[in-house]
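Only this structure's heavy atoms are used, side chains among them; waters, hydrogens and symmetry mates stay out.
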Amino acid sequence: MNTVLGRAARGLVLGCLGAGMLCTPLLAQEPQGDTTSAKPYVPVPLFQSTVPLELTLHAPFRQLGKDRSPDTDWRAARVSYTGDAGVASVPVRVRTRGVWRKNNCEIPPLLFNFVKDSVKGTPFARIDRLRLSMHCRNQDTYEQYVLQEFQAYRVQRLLTPLSYDVRLTRMTYVDSERGDTVARRWGFLQEQDDPFAERVGLMLVEQRGAGPSDLDPYESAFFGVFQYFVGNSDFSIRELHNVVLLYREPYHVPTARDFDWSGLVNARYAKPNPVLKIRGVTQRIMRGYCAPAEEYEKVFALFRERKDAIYALYRDDVGALMAPDVVKKTLEYLDAFYAIINDPEKARQEIVGACLGGAA
């Protein structure tokens, strides 16, 4: 079933996943209707370039700074950019998102909602919604965190095609009510879950409860090792916290997202869950589900093969945007990971033998 299914078919998954049960029996039922006539996926223009995009967001930032409730309202805004004919703009609705950030950031990260007909012929063609990751506070240190998280997504893409599309943006934020420039900082745009699933040709699973036996063995091993690699403990496969679950017959596949609380980013506000009993987010801890030992060996081989390419990301044009001391510390952090996977006994103790066999 390597096709994109609609919400009706997705309900088959919702009806059977839970408590470590596979959904194969229900998913064996073919969806109603003709799925062979579905149009092939056509990539959206926004993510076809790696060149940073210059954007200006005109929005009511004073109001957005007050939008802290779980269900915030959409606010009218517009995004300006320089096109072939000069400066152009498109209308967009924005609202704040996140949980911790809504209570702690000067302006929480934003979700964009475009008007379909208004984006034709623009960089946002065929896009409905986008996530904008931005600085939590208008300080250079917090801008570095954004670049660090963007790099984590780039590393993920080097290792697996099942990773989100992201586009670096140079954002200028203008208060639409007062006309003041609020900030000019680096940010990045990220595709939403449904377009991601459509792009990779798999089905999005929204039901919680996935256990070790539900997951593809290799993908489960990769997921756990990647989270260990970036030093991220702020996730839960079972609860779909910072995890997106896809279905590729006969297994489910977890994809990691949201790395701002990882050791790789090492944000000053990031604190590990006290239950984990680790001293800080830079202390790696294996929280992925268990998989056969041979699958971990495949994953370790992949990381070794891609090591030079991963390190090169911190020496290219994006790496040049980062502070030299941040790059240095990051590469040292990655060195520590490679020292573990290149030592069979340490790899067994820290990763393979430390996996979770139950709920996580």
TODO: Assign the ring pair Tyr228 / Phe337 to parallel, tilted or perpendicular, where the plane angle (0 to 90°) is split at 30° and 60°.
DONE: tilted
Open item on the list: Using a 3.5 Å distance criterion without hydrogens, assess whether the side chain of Thr72 forms a donor-acceptor pair with backbone atoms of Ser69.
Closed with: no
- [ ] Answer yes or no on whether Arg131 is positioned over the face of Phe188, meaning its NZ or CZ is under 6.0 Å from the six-membered ring centre and within 45° of the axis.
- [x] no
Open item on the list: Looking at Ala125, is its backbone amide N or carbonyl O close enough to the side chain of Lys120 to form a donor-acceptor pair, meaning the two atoms are under 3.5 Å apart?
Closed with: no
Open item on the list: For the OH atom of Tyr145 and the CG atom of Asp260, what is their distance to the nearest 0.5 Å?
Closed with: 10.5 Å
Open item on the list: Taking Arg238's backbone N and O only, do any of them form a donor-acceptor pair with Arg208's side chain (distance below 3.5 Å, no angle check)?
Closed with: no
Task: Check: Met322 and Tyr314 side chains under 4.5 Å, non-hydrogen atoms - done: yes
Task: Partner of Glu143 by salt bridge (charged side-chain N to carboxylate O under 4.0 Å, His left out), out of Arg170, Arg184, Arg137 - done: Arg170
Task: Ring centre gap for His252 and Tyr247 strictly below 6.0 Å - done: yes
Open item on the list: Keeping Arg167 on the side-chain end and Pro52 on the backbone end, is there a donor-acceptor pair under 3.5 Å?
Closed with: no
Open item on the list: Does Phe223 form a ring-ring contact (aromatic ring centres under 6.0 Å, His included) with Tyr218? I'd like the steps, not just the answer.
Closed with: CA-CA 9 Å; Phe223 176 91; Tyr218 171 82; over 10 Å; no
Open item on the list: Give me the atom names and distance for the closest heavy-atom approach of Pro161 to Val200.
Closed with: O-CG1, 3.9 Å
Open item on the list: Grouping I, L, V, M, F, W and Y whenever their side-chain heavy atoms are under 4.5 Å apart, do Val182 and Leu111 come out in a common cluster?
Closed with: no
Task: Ser233 and Gln227 side chains, donor-acceptor separation under 3.5 Å - done: no
- [ ] Starting at OG1 of Thr122, measure out to OH of Tyr81 and round the result to the nearest 0.5 Å.
- [x] 4.5 Å
TODO: Would you please say whether a donor-acceptor pair under 3.5 Å links the side chains of Tyr296 and Arg348?
DONE: no
Task: Joint hydrophobic cluster, Leu331 plus Leu321, side-chain heavy atoms closer than 4.5 Å - done: yes
TODO: Measure the shortest side-chain to side-chain distance between Phe124 and Leu130 over non-hydrogen atoms and say whether it is less than 4.5 angstrom.
DONE: yes
Open item on the list: Can you confirm whether Arg62 is buried at CZ, in the sense that more than 12 heavy atoms of other residues, nucleotides or ligands lie under 6.0 Å from that atom?
Closed with: no
Open item on the list: Less than 4.5 Å apart, side chain to side chain, heavy atoms only: is that true for Leu356 and Met286?
Closed with: no
TODO: Mind running side chain to side chain donor-acceptor pair (under 3.5 Å) on Asn342 and Arg304 for me, showing each step along the way?
DONE: CA-CA 9 Å; Asn342 288 331; Arg304 295 186 192 104; 2.8 Å; yes
Open item on the list: Go through it in stages, so that I can follow the logic: the residues are Asp335 and Tyr311, the test is side chain to side chain donor-acceptor pair (under 3.5 Å), and I'd like the CA-CA distance, side-chain angles, deciding distance and then a yes or no.
Closed with: CA-CA 10 Å; Asp335 286 343; Tyr311 280 51; 2.6 Å; yes
Open item on the list: Measuring from atom CG of Asn242 to atom OG of Ser262, what distance do you get when rounded to the nearest 0.5 angstrom?
Closed with: 10.5 Å
Task: Side-chain H-bond candidate by donor/acceptor type, Asp165 with Tyr153, under 3.5 Å - done: no
Task: Proximity of Phe150 and Trp186 rings by center, below 6.0 Å - done: no
Open item on the list: Strictly below 4.0 Å, N to O, side chains only: are Arg75 and Asp67 in salt-bridge contact?
Closed with: yes
Task: Lys/Arg-Asp/Glu bridge criterion (N-O < 4.0 Å) met for Arg154, Asp316 - done: yes
Open item on the list: Could you check whether any side-chain N or O of Arg126 sits under 3.5 Å from a backbone N or O of Pro43, counting only pairs where one atom can act as donor and the other as acceptor?
Closed with: yes
Open item on the list: Apply side-chain contact (heavy atoms from CB on, under 4.5 Å) to residues Thr330 and Gln148 and explain how you reach the verdict.
Closed with: CA-CA 9 Å; Thr330 300; Gln148 280 282 66; 2.7 Å; yes
TODO: Report yes if the side chains of Val146 and Gln144 come closer than 4.5 Å at any heavy-atom pair, otherwise no.
DONE: no
Open item on the list: Can you tell me how far apart NE2 (His58) and OG1 (Thr56) are? Round to the nearest 0.5 Å.
Closed with: 5.0 Å
Open item on the list: When you compare the side chain of Ile237 with that of Leu215, does any pair of heavy atoms fall below 4.5 Å?
Closed with: yes
Task: Heavy-atom check, side chain of Leu302 versus side chain of Leu159, under 4.5 Å - done: yes
Task: Residues Arg157 and Ser163: side-chain donor-acceptor under 3.5 angstrom - done: yes
- [ ] Given side-chain contact (heavy atoms from CB on, under 4.5 Å), test Leu46 with Leu53 step by step and report yes or no.
- [x] CA-CA 9 Å; Leu46 180 66; Leu53 189 61; 3.7 Å; yes
- [ ] Please determine if Asp194 and Arg129 form a salt bridge, counting it only when a charged side-chain N lies under 4.0 Å from a carboxylate O.
- [x] no
- [ ] Output, in order, the C-alpha distance, side-chain angles, deciding distance and verdict of side-chain contact (heavy atoms from CB on, under 4.5 Å) for Val243 and Thr255.
- [x] CA-CA 6 Å; Val243 175; Thr255 294; over 6 Å; no
- [ ] Answer with yes or no whether the hydrophobic clustering places Leu147 together with Val326; edges join I, L, V, M, F, W, Y residues whose side-chain heavy atoms lie under 4.5 Å apart.
- [x] yes
Open item on the list: What verdict does the side-chain contact (heavy atoms from CB on, under 4.5 Å) test give for Val90 and Phe114, after you've listed the backbone C-alpha separation in whole Å, the side-chain angles of each residue and the deciding distance to 0.1 Å?
Closed with: CA-CA 8 Å; Val90 295; Phe114 293 98; 3.9 Å; yes
Task: Ile351 side, atom CD1; Lys346 side, atom NZ - distance, nearest 0.5 Å - done: 11.5 Å
Open item on the list: Using side-chain heavy atoms (C-beta onward) and a distance below 4.5 Å, is Leu245 in contact with Val253?
Closed with: no
Open item on the list: Quick check on the hydrophobic clustering: are Leu189 and Val155 connected, directly or via other members, by side-chain heavy-atom contacts under 4.5 Å?
Closed with: no
TODO: Taking Glu295 for its side chain and Ala221 for its backbone only, find out whether a donor-acceptor pair lies under 3.5 Å.
DONE: no
Task: Verdict with reasoning, His241 to Asp258, per side chain to side chain donor-acceptor pair (under 3.5 Å) - done: CA-CA 9 Å; His241 172 59; Asp258 295 340; over 6 Å; no
Open item on the list: Using modelled atom types and a 3.5 Å cut-off, is there a donor and acceptor pairing between side-chain atoms of Arg287 and backbone atoms of Phe235?
Closed with: yes
- [ ] Using atom types as modelled and distance alone, determine if a side-chain donor or acceptor of Thr160 lies under 3.5 Å from a backbone N or O of Leu162.
- [x] yes
Task: Heavy-atom side-chain contact between Asn138 and Tyr142 under 4.5 Å - done: no
Task: Over all atoms of both residues, closest heavy-atom pair of Gly211 and Tyr289 - done: C-CE1, 3.7 Å
Task: Axial cation check for Tyr164 ring with Arg257, 6.0 Å and 45° limits - done: yes
Open item on the list: Taking Lys329 first and then Glu332, would you say they form a salt bridge - that is, a charged N and a carboxylate O separated by under 4.0 Å?
Closed with: no
Open item on the list: Would the distance check show the side chain of Asn104 and the main-chain N or O of Trp100 forming a donor-acceptor pair, the cut-off being under 3.5 Å?
Closed with: yes
- [ ] Considering only NZ, NE, NH1 and NH2 on the basic side and carboxylate oxygens on the acidic side, decide whether Glu350 and Arg284 come within less than 4.0 Å.
- [x] no
- [ ] Go through the steps to decide whether Tyr333 and Asn266 satisfy the test side chain to side chain donor-acceptor pair (under 3.5 Å), and finish with yes or no.
- [x] CA-CA 10 Å; Tyr333 190 67; Asn266 194 21; over 6 Å; no
TODO: Output the distance between atom OG (Ser80) and atom CG (Leu55), rounded to the nearest 0.5 Å.
DONE: 9.0 Å
